[in-house]
Novice: 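Structure provided below as structure tokens; questions to follow.
Here the structure is a predicted model, which means the values were calculated and not measured. First the proteins, then the strands, lettered A, B, ... as listed; each starts at 1.
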There are 2 protein chains.
Amino acid sequence: MARIVIVGGGAAGASAAARARRLDPNAEITMIEAGGMITHAPCGIPYAVSGVVADYRSLMTYTPEEFEKERNIRVLTHTKAVDVDVDKRTITISRGGREEALQWDKLVIATGARPLVPKIPGVELSGVLTVRLPDDVPHLRAELDKATTVGIIGGGYIGVEMAEAALRLGKKVVLFEMMDRLLPAALDSDMSAVLAEEMRKYGVDLHLGERVVELKGSGGVVSAVLTERGEYRVDKVILAVGVRPDVELATKAGVKLGETGAVNVNEYMETSVPDVYAAGDVAEKVHRLTGRRVWIPLAPSANKEGQVAGGNAAKGRVLKFPGIVGTAATKFFDLYIARTGLSEFEAQQLGIKYEKAVIKARTKAQYYPGYAQVHVKMLAEQGTGRILGVQVLGWDHAVVSYADISAIAIERGATIEDMFFADISYMPATAPVWHPLIVAARVLSRGKL
Amino acid sequence: MARIVIVGGGAAGASAAARARRLDPNAEITMIEAGGMITHAPCGIPYAVSGVVADYRSLMTYTPEEFEKERNIRVLTHTKAVDVDVDKRTITISRGGREEALQWDKLVIATGARPLVPKIPGVELSGVLTVRLPDDVPHLRAELDKATTVGIIGGGYIGVEMAEAALRLGKKVVLFEMMDRLLPAALDSDMSAVLAEEMRKYGVDLHLGERVVELKGSGGVVSAVLTERGEYRVDKVILAVGVRPDVELATKAGVKLGETGAVNVNEYMETSVPDVYAAGDVAEKVHRLTGRRVWIPLAPSANKEGQVAGGNAAKGRVLKFPGIVGTAATKFFDLYIARTGLSEFEAQQLGIKYEKAVIKARTKAQYYPGYAQVHVKMLAEQGTGRILGVQVLGWDHAVVSYADISAIAIERGATIEDMFFADISYMPATAPVWHPLIVAARVLSRGKL
């Protein structure tokens with residue numbers, strides 16, 4: 001009877017456990033989670049903090065008890081994996097102050113990511129917050145409730161989403177991003193500017209291209225953000241400068257890390273150590289467009305990687321994870337933002353020659369009421385016309401699908417001509433007869449289409 | 001200087017004219033339109049009738065004058081093409097009671113489709129209406145305004161959309177469809193049932209599987225619909241039993257018609273007669289999944305076919321139209337309906353062996369407020385797992401994109417495994433972390449995924 005131990009009860013870990021159970025009804029499966037929740041959705045934290053989601057406990061799909069009962073998986077919460085011995089195939093866990101060793105035949109590392117804490121003075125002050133797990137919600141909310149002004153450091157997904165949350169709670173928001181634009185890993189400057197304008201409209205005091213050098217305190221409590229250019233009074237600070245793969249256990253297991261700092265895995269989610277798998281935010285992914293290893297930690301791929309790792313841990317190479325194309329989405333109030341493939345700055349970094357089109361369009365037929373504006377940017381490879389990437393921002397949640405449509409196109413090697421002739425739907429209430437993606441492809445064709 | 005004559009000023013004709021002009025600044029381009037509007041959007045008629053769209057004239061993108069001026073295209077409205085001589089390369093047109101002949105070097109037939117009028121007694125009665133052109137809107141509205149009860153014959157797109165329009169005008173609606181389901185060409189019975197339930201909730205008196213045999217009148221005005229099963233009091237009747245390609249001129253030109261009754265064209269939109277092109281609803285299309293010729297008259301492909309025909313008429317084989325995969329969308333109030341690829345009944349007709357999955361899902365994360373329910377049906381080919389078709393109904397306009405995503409997947413030969421691993425986006429406000437399409441693919445995999 002195979003013993004499968006999975007470290008981490010988030011998206012990847014829980015998917016791995018569920019899949020392993022499905023494929024091997026007899027395996028002894030143990031899932032270890034450092035926190036109190038499993039199958040949790042960190043993506044929902046900003047909405048639970050703001051109250052859009054009424055109860056943060058709803059961010060958990062299953063309770064540990066449900067998961068144990070429904071799937072016959074032993075779930076150990078509030079349990080830390082402190083060491084691993086790959087020769088003896090043991091893992092040392094710590095729970096309730098006691099350590100014990102578990103035997104495993106297959107080990108799945110799904111330890112996720114943790115917030116990066118910048119090395120600047122003052123980060124240890126009270127009132128300096130990070131966002132990681134749904135368990136954090138009550139504390140985050142209680143802290144924000146006490147504030148008048150919230151400083152957010154970092155303009156990535158979490159920074160933007162927490163800005164909305166703080167505004168919904170009636171707070172003043174000052175946001176600092178050291179890059180020249182918001183969502184710097186996702187959007188180019190031209191598209192990012194649309195978001196910046198929207199955030200300013202909602203009253204966010206945006207400081208782009210401004211590096212935070214220190215957090216100042218008073219009586220051990222944060223009271224100001226000091227940047228290269230000024231000092232800003234705040235009552236609380238949210239650190240949202242990014243996340244890093246939590247490779248502590250992986251390192252102890254001696255698995256190879258990639259250039260990104262995350263665990264290097266093959267398409268079976270196998271690490272360099274036999275019978276040790278990694279999945280989710282702790283692992284690198286292959287970018288299907290470039291073939292390169294990247295680290296883009298997001299829930300959908302974590303779930304699928306977990307499924308692949310769990311299935312293969314139970315049955316051996318039954319599934320392959322083909323990689324990702326960098327699809328991601330977020331929103332700021334009613335402005336929806338999505339992207340896939342490569343941005344201009346990524347294409348430049350990789351030395352890929354591209355053409356681009358940036359268009360403004362409507363989300364419905366020109367005569368149909370209630371349309372929203374949408375900005376679409378499309379990149380195609382010079383010469384081949386192969387679509388490289390799409391960025392979209394618009395005041396309708398349906399525009400997120402433009403990235404989804406484009407993601408499939410990119411995964412499957414579509415050119416701008418393929419996109420132009422794609423049989424995507426039209427009706428007056430949901431799209432113009434020339435869909436914005438088709439218009440973008442046409443503009444990109446430089447008169448050919 | 002090439003003389004290009006285009007017959008028809010709708011989607012295909014206007015696209016052909018614009019493209020020809022773009023590629024040949026010197027050509028003498030004439031566009032002939034039987035009605036008074038060009039670049040019109042018949043898809044918007046139901047919304048203009050109901051008043052959702054305030055002014056029916058907004059269903060026209062360009063006025064004839066604008067089109068003439070901006071594109072340097074001679075536009076002849078209220079002009080009928082009455083005959084064509086392909087040897088002499090002339091076309092006889094009739095306008096203002098006078099006939100004249102035009103010379104052409106290239107002829108593009110874009111005469112569209114016309115409503116089918118069933119051969120039953122009473123169709124000639126006053127108060128029996130058809131829906132074809134935006135010009136019809138004032139008459140349709142005036143007629144409906146006089147009615148208490150509207151009988152709609154036909155449960156296809158136009159029937160369903162006109163039912164919404166009549167309900168919005170406060171009318172009672174009795175709808176008759178001789179097939180056993182609504183949208184019979186688009187949806188299978190199981191999915192169609194979701195729409196039927198919604199229409200009944202809105203008070204539509206639905207009669208499915210009930211053939212209309214006669215329209216009864218009183219003083220020359222329609223007063224009742226007689227079916228195989230009963231007689232129903234109505235004040236007006238909308239005939240929406242389908243459309244047929246308007247091949248009158250094409251037949252005079254001697255071009256080959258296909259099995260569908262529409263004009264047979266190759267990928268260059270060339271007909272069997274040299275220098276005569278056809279595009280839009282008058283022409284057959286190739287179904288990219290089956291390679292078969294079909295007749296599915298919709299605006300998006302009409303626009304693209306027009307573009308191809310116009311470009312090739314001007315410059316000779318510069319563009320190819322790759323065909324369609326049967327994507328279409330409509331709505332009934334807040335229920336959005338979309339489909340692509342093959343339905344079960346189409347697969348059966350073609351003798352294609354398939355597997356199917358039918359799921360219910362939510363449009364957002366389970367914890368996020370304001371989600372809608374969505375029904376998804378996915379078909380895949382037995383053995384290969386290649387996706388054959390998707391049908392979707394849901395109470396959120398964004399679900400239409402599920403068909404768009406699937407259309408690209410089908411066009412590019414994706415399997416259910418490809419769909420499962422597709423990098424489509426997730427955020428709590430716009431999708432569950434397991435997107436409904438991914439769930440459908442997983443269910444279809446019968447435990448493999």
Novice: Identify which part of B/Val318 has an atom lying under 4.5 Å from any heavy atom of chain A, answering side chain, backbone, both or neither.
Specialist: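 Contact with chain A is absent: no heavy atom of B/Val318 under 4.5 Å.
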Novice: Write down the atom of A/Asp396, the atom of B/His397, and the distance for their closest heavy-atom approach.
Specialist: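 In this case the closest contact between A/Asp396 and B/His397 is OD1-NE2, 2.8 Å.
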Novice: Need one label for A/Val308: side chain, backbone, both or neither, based on atoms under 4.5 Å from any heavy atom in chain B.
Specialist: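 A/Val308 touches chain B through side-chain heavy atoms alone.
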Novice: Would you check if B/Ile405 and A/Ile424 make a side-chain contact, meaning some heavy-atom pair closer than 4.5 Å?
Specialist: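 They are not in contact (no side-chain heavy atoms under 4.5 Å apart), so the answer is no.
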Novice: Search all heavy atoms of A/Tyr367 against all heavy atoms of B/Cys43 and return the closest pair with its distance.
Specialist: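 Residues A/Tyr367 and B/Cys43, closest heavy atoms: OH-C, 4.0 Å.
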Novice: With rounding to the nearest 0.5 Å, note down the distance linking CG in A/Leu298 to OG in B/Ser425.
Specialist: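 Output value for this atom pair is 10.0 Å.
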Novice: Using non-hydrogen atoms only, which part of B/Ala414 is less than 4.5 Å away from chain A: side chain, backbone, both, or neither?
Specialist: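 Interface part for B/Ala414: both.
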Novice: Out of A/Pro300, A/Pro322, A/Ser301, which one pairs with B/Phe421 under the side-chain contact (heavy atoms from CB on, under 4.5 Å) rule?
Specialist: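 For B/Phe421, the side-chain contact (heavy atoms from CB on, under 4.5 Å) test succeeds with only one of A/Pro300, A/Pro322, A/Ser301, which is A/Pro322.
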Novice: Identify which part of B/Thr363 has an atom lying under 4.5 Å from any heavy atom of chain A, answering side chain, backbone, both or neither.
Specialist: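 Answer is neither: B/Thr363 stays 4.5 Å or more from chain A.
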Novice: Is A/Tyr371 atom OH crowded by more than 12 heavy atoms from other residues, nucleotides or ligands, each under 6.0 Å away?
Specialist: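 Open.
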Novice: What part of B/Leu319 gets closer than 4.5 Å to chain A, counting heavy atoms only: side chain, backbone, both or neither?
Specialist: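 Interface part for B/Leu319: side chain.
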Novice: Run A/Asp418 and B/Arg412 through side chain to side chain contact (heavy atoms under 4.5 Å, CB included) and show every step you take.
Specialist: CA-CA 9 Å; A/Asp418 294 325; B/Arg412 307 202 65 79; 3.2 Å; yes
Novice: Provide the closest heavy-atom pair for B/Ala407 versus A/Asp423 in the form atom of the first, atom of the second, distance.
Specialist: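 Distance-wise, the nearest heavy atoms are CB-O, 3.3 Å.
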Novice: Could you look at A/Arg339 and say if it's the side chain, the backbone, both or neither that has a heavy atom under 4.5 Å from chain B?
Specialist: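 No part of it gets close to chain B.
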Novice: Considering non-hydrogen atoms only, spot the tightest contact between A/Leu449 and B/Gln307 and give its length.
Specialist: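 Answer, listing the atom of A/Leu449 first, then B/Gln307: C-NE2, 2.7 Å.
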Novice: Does the side chain of A/Asp404 pick up a donor-acceptor pair with the side chain of B/His435 at under 3.5 Å?
Specialist: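 Note: A/Asp404 and B/His435 side chains miss the donor-acceptor criterion.
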Novice: What I'd like to find out is whether the side chain of A/Tyr157 reaches to under 4.5 Å of the side chain of B/Met427, using heavy atoms alone.
Specialist: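 Not in contact.
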Novice: Measure B/Ala329 against the heavy atoms of chain A and call it side chain, backbone, both or neither at under 4.5 Å.
Specialist: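 Both backbone and side chain.
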Novice: With a 4.5 angstrom heavy-atom cut-off, which part of A/Thr61 approaches chain B: side chain, backbone, both or neither?
Specialist: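 Both parts, heavy atoms under 4.5 Å.
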Novice: Decide side chain to side chain contact (heavy atoms under 4.5 Å, CB included) for A/Tyr368 and B/Val52; before the verdict, give the C-alpha distance in whole Å, the side-chain angles of both, and the deciding distance to 0.1 Å.
Specialist: CA-CA 8 Å; A/Tyr368 201 90; B/Val52 166; 3.8 Å; yes
Novice: On a heavy-atom basis, which atom in B/Phe420 and which in A/Lys304 lie closest, and how many Å separate them?
Specialist: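 Where B/Phe420 meets A/Lys304 most closely, the heavy atoms are O-CE, 3.1 Å.
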Novice: With respect to chain A, which residue among B/Glu417, B/Met60, B/Arg442, B/Met419 yields the maximal number of heavy-atom pairs within a distance under 4.5 Å?
Specialist: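 Among the listed options, the one with the most contacts to chain A is B/Arg442.
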Novice: Using a cut-off of under 4.5 Å for heavy-atom pairs, which of A/Glu411, A/Glu161, A/Arg22, A/Arg288 has the most such pairs with chain B?
Specialist: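 If we count pairs closer than 4.5 Å to chain B, A/Glu411 comes out on top.
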Novice: For A/Ala409, which atoms come within 4.5 Å of any heavy atom of chain B: side chain, backbone, both, or neither?
Specialist: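 Its backbone and side chain both get close to chain B.
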Novice: Side chain, backbone, both or neither: which part of B/Arg19 has a heavy atom under 4.5 Å from chain A?
Specialist: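 It is the side chain, since no backbone atom gets that close.
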Novice: What part of A/Ala422 is in contact with chain B, defined as an atom under 4.5 angstrom from a non-hydrogen atom: side chain, backbone, both or neither?
Specialist: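 Both parts, backbone and side chain.
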Novice: With side chains defined as the heavy atoms from C-beta onward, is the minimum distance between A/Lys331 and B/Thr430 less than 4.5 Å?
Specialist: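 In short, these two side chains do not touch, never coming nearer than 4.5 Å.
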Novice: Between chain B and each of A/Pro432, A/Gly447, A/Ala41, A/Ala365, count heavy-atom pairs under 4.5 Å; write down the option with the most.
Specialist: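 Option with the top pair count is A/Gly447.
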Novice: Find the one option among A/Thr340, A/Val53, A/Ile410 whose heavy-atom pairs under 4.5 Å with chain B are most numerous.
Specialist: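 The option with the most such pairs is A/Val53.
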